[in-house]
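Here, residue 1 is the first one in the sequence, and each next residue gets the next number. Not measured: the values here are computed from a predicted model.
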Amino acid sequence: MDAAELDAADPLAPARARFVLPDGVIYLDGNSLGALPGPVADRLRDVVTRQWGRDLVRGWNDDGWWAAPERIGDRVGTLIGAAPGQTVAGDSTSVQLFNALTAAVRLQESREAGRDGVIVTDAGQFPTDGYLADSVGRLLGREVVRTPDPYAALRRGDVAVLAWSTVDFRTGQLWDTGGLTRAAHDAGAVVVWDLCHAVGAMPLHLDRDDVDLAVGCTYKFLSGGPGSPAFIYVARRHQDRLELPLTGWNGHAQPFAMEPGYQAAPGIARGRIGTPPMLSMLALDAALDAFDGIDLAAVRAKSLRLGEFFIAGADEAGFEVITPRAPERRGSHVSLRHPDALPVMAALIEAGVIGDVRPPDVLRFGFNALYNSFGDLARALEVLGEVLASGRYAEARFQVRPTVT
Ligand SMILES: Cc1ncc(COP(=O)(O)O)c(C=O)c1O
């Protein structure tokens with residue numbers, strides 16, 4: 001089938017109208033910053049003018065601001081297979097990772113006192129995950145093992161925590177959350193999943209898979225907006241023993257008692273830290289409306305077909321595709337290797353096709369099944385072919401590295 005036929009048969013095609021997409025742009029970078037969902041602008045206007053402007057500090061009670069982190073956490077929970085009361089929104093993924101990793105080491109320690117196990121993490125992962133694992137390792141006196149093969153690392157027999165990303169940010173490789181969690185548990189380890197490149201792009205089953213802890217961002221496939229709050233998932237069975245290191249007053253059992261000593265709140269509320277960024281939080285709330293009535297299995301099915309379509313075009317053009325081809329090992333972006341990735345992407349963006357690059361030589365194209373069409377991909381491949389054939393990416397203006405790539 002060609003792109004037009006695939007689009008005509010696409011049951012998710014109407015979801016595109018839920019987003020504001022600029023004319024003349026093909027947006028294949030929703031795995032970095034999701035496109036703007038329609039309801040967000042009006043909702044934010046209301047939050048700013050009516051809630052903040054009129055209600056002032058009463059908004060914390062009257063407009064439900066105080067309860068928003070747990071309420072919105074539960075909305076994210078429905079997308080990651082988490083029953084209510086296990087997910088809370090707030091802060092950045094980096095902050096949540098620090099909290100989760102530290103708590104995971106402490107949790108494992110409380111089960112097996114005296115076993116100074118190592119933290120195992122992905123050698124090729126997004127840098128913040130590695131930086132924070134190193135920092136937690138230094139703070140708690142634990143060795144950090146970086147490996148491409150978590151199953152082999154678990155066979156060491158001394159793993160306290162396995163911290164892994166569901167989808168690799170560079171290659172798009174998808175890991176088996178359930179299988180790897182089971183292997184980690186069999187080895188006596190606690191798992192911390194980073195769901196950044198998976199949440200909103202596929203069904204996830206954290207409760208079913210017996211996951212211990214997970215974190216994720218909301219500005220990619222959830223389209224929460226630039227810098228929108230991250231989230232942490234803590235399985236209910238761990239919540240009341242979990243010693244999170246960031247003991248901010250919002251996570252206190254009685255935050256407004258203003259007591260001098262910290263007493264963690266029961267349940268997921270202890271995952272709160274400081275005052276939540278309410279404008280971003282409520283923008284995320286509005287953005288999540290884009291998922292109302294959407295079946296994540298359909299999102300996944302379309303995302304895989306988009307990937308297949310793009311890989312077939314990239315193969316035809318002679319690209320080296322570094323994303324796994326097997327559907328069960330592929331997330332929702334496809335990465336191509338090209339020695340001039342940076343200027344090629346700059347030329348593509350000038351021509352209206354937005355993807356991104358990751359060092360040293362990776363062109364990354366993300367597919368959001370809610371708003372990307374097969375027609376988008378066909379056009380992107382056409383422009384890519386044209387940029388390469390013309391050689392115009394070699395022009396000086398495309399050689400300048402922007403601050404954010
Ligand atoms: C896997 C992964 N983890 C974490 C982050 C970012 O963390 P933060 O939200 O703290 O910037 C990203 C950003 O792209 C990511 O891809």
Side-chain angles (χ1 to χ4, degrees), residues 30-37 39-41 43-48 51-52 59-60 63-80 82 84-103 126 128-129 132 165-166 169 192-201 204 206 213-234 242 244-252 255 265 267-292 368:
N31 54 321
S32 182
L33 176 68
L36 171 66
V40 171
R43 194 80 64 84
L44 269 186
R45 195 169 302 111
D46 178 62
V47 169
V48 170
Q51 298 188 4
W52 178 13
W60 288 103
D63 297 310
W65 296 349
W66 182 263
E70 285 104 317
R71 181 177 62 77
I72 295 166
D74 279 343
R75 292 193 75 186
V76 173
T78 63
L79 302 172
I80 59 175
Q86 300 176 102
T87 312
V88 65
D91 302 277
S92 65
T93 318
S94 300
V95 170
Q96 298 291 11
L97 269 169
F98 175 79
N99 234 8
L101 287 169
T102 307
F126 191 80
T128 208
D129 299 59
L132 284 156
S165 291
T166 318
F169 84 107
V192 178
W193 282 101
D194 179 334
L195 308 176
C196 279
H197 283 275
V199 58
L204 292 163
L206 299 200
L213 297 160
V215 303
C217 60
T218 62
Y219 45 73
K220 299 180 188 294
F221 292 97
L222 297 184
S223 295
S228 60
F231 62 88
I232 183 169
Y233 161 92
V234 180
L242 197 72
L244 291 158
L246 295 174
T247 49
W249 74 286
N250 269 229
H252 193 282
I268 193 63
R270 73 181 52 194
R272 298 175 62 130
I273 304 171
T275 304
M278 202 44 59
L279 299 183
S280 299
M281 185 73 75
L282 296 176
L284 168 61
D285 193 28
L288 291 172
D289 290 358
F291 283 88
D292 284 351
N368 187 319

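W65 is listed as a side-chain neighbour of L282, based on a closest heavy-atom distance under 4.5 Å. Taking the side chain as every heavy atom from C-beta outward, L33 and P226 approach each other to under 4.5 Å.
Note that CG of L213 is 11.0 Å distant from CD of Q86, once rounded to the nearest 0.5 Å. Interatomic distance, D285 CG to T218 OG1, rounded to the nearest 0.5 Å: 11.0 Å. Between N99 atom CG and R270 atom CZ the span is 11.5 Å, to the nearest 0.5 Å. Atoms CG and CZ, from L244 and F98 in turn, are 10.5 Å apart once rounded to the nearest 0.5 Å. Between the CG atom in D129 and the CG atom in L97 there is a gap of 4.5 Å [rounded to 0.5 Å]. Rounding to the nearest 0.5 Å gives a distance of 11.5 Å between CG of N31 and SG of C196.
Relative orientation of the F126 and F169 rings is perpendicular, given thresholds of 30° and 60° on the angle between their planes.
With sequence neighbours left out, A198 forms a side-chain contact (heavy atoms from CB on, under 4.5 Å) with T166, V167, M202, L204. In this view, S94 and T128 satisfy the side chain to side chain donor-acceptor pair (under 3.5 Å) rule, not counting sequence neighbours.
Nearest heavy-atom pair across A214 and L206 is CB-CD1, 3.7 Å. In terms of heavy atoms, K220 sits closest to S32 at CG-O, 3.6 Å. Smallest separation of non-hydrogen atoms from A68 and M278: CB-SD, 4.0 Å. In terms of heavy atoms, P245 sits closest to T102 at CG-CB, 3.5 Å. For the pair G85 and D74, the tightest heavy-atom approach, listed with the atom from each and the gap, is N-OD1, 2.8 Å. Between A290 and P37 the shortest heavy-atom distance is CB-CB, 4.5 Å.
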For side-chain contact (heavy atoms from CB on, under 4.5 Å), just list the numbers for Y219 and L284, CA-CA rounded to whole Å, side-chain angles, deciding distance to a tenth of an Å, and then say yes or no.
CA-CA 8 Å; Y219 45 73; L284 168 61; over 6 Å; no

Walk me through it: do V215 and I232 pass the test side-chain contact (heavy atoms from CB on, under 4.5 Å)?
CA-CA 4 Å; V215 303; I232 183 169; 4.2 Å; yes

Walk me through it: do V88 and R272 pass the test side-chain contact (heavy atoms from CB on, under 4.5 Å)?
CA-CA 7 Å; V88 65; R272 298 175 62 130; 3.9 Å; yes

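Checking T87, D289, L222 one by one against R75, the side chain to side chain contact (heavy atoms under 4.5 Å, CB included) holds for a single residue, D289. Of the listed residues (T93, I72, D91, L195), just one forms a side chain to side chain contact (heavy atoms under 4.5 Å, CB included) with F231, and that residue is L195.
The neighbour count for W66 CH2, taken as heavy atoms of other residues, nucleotides or ligands under 6.0 Å away, is above 12.
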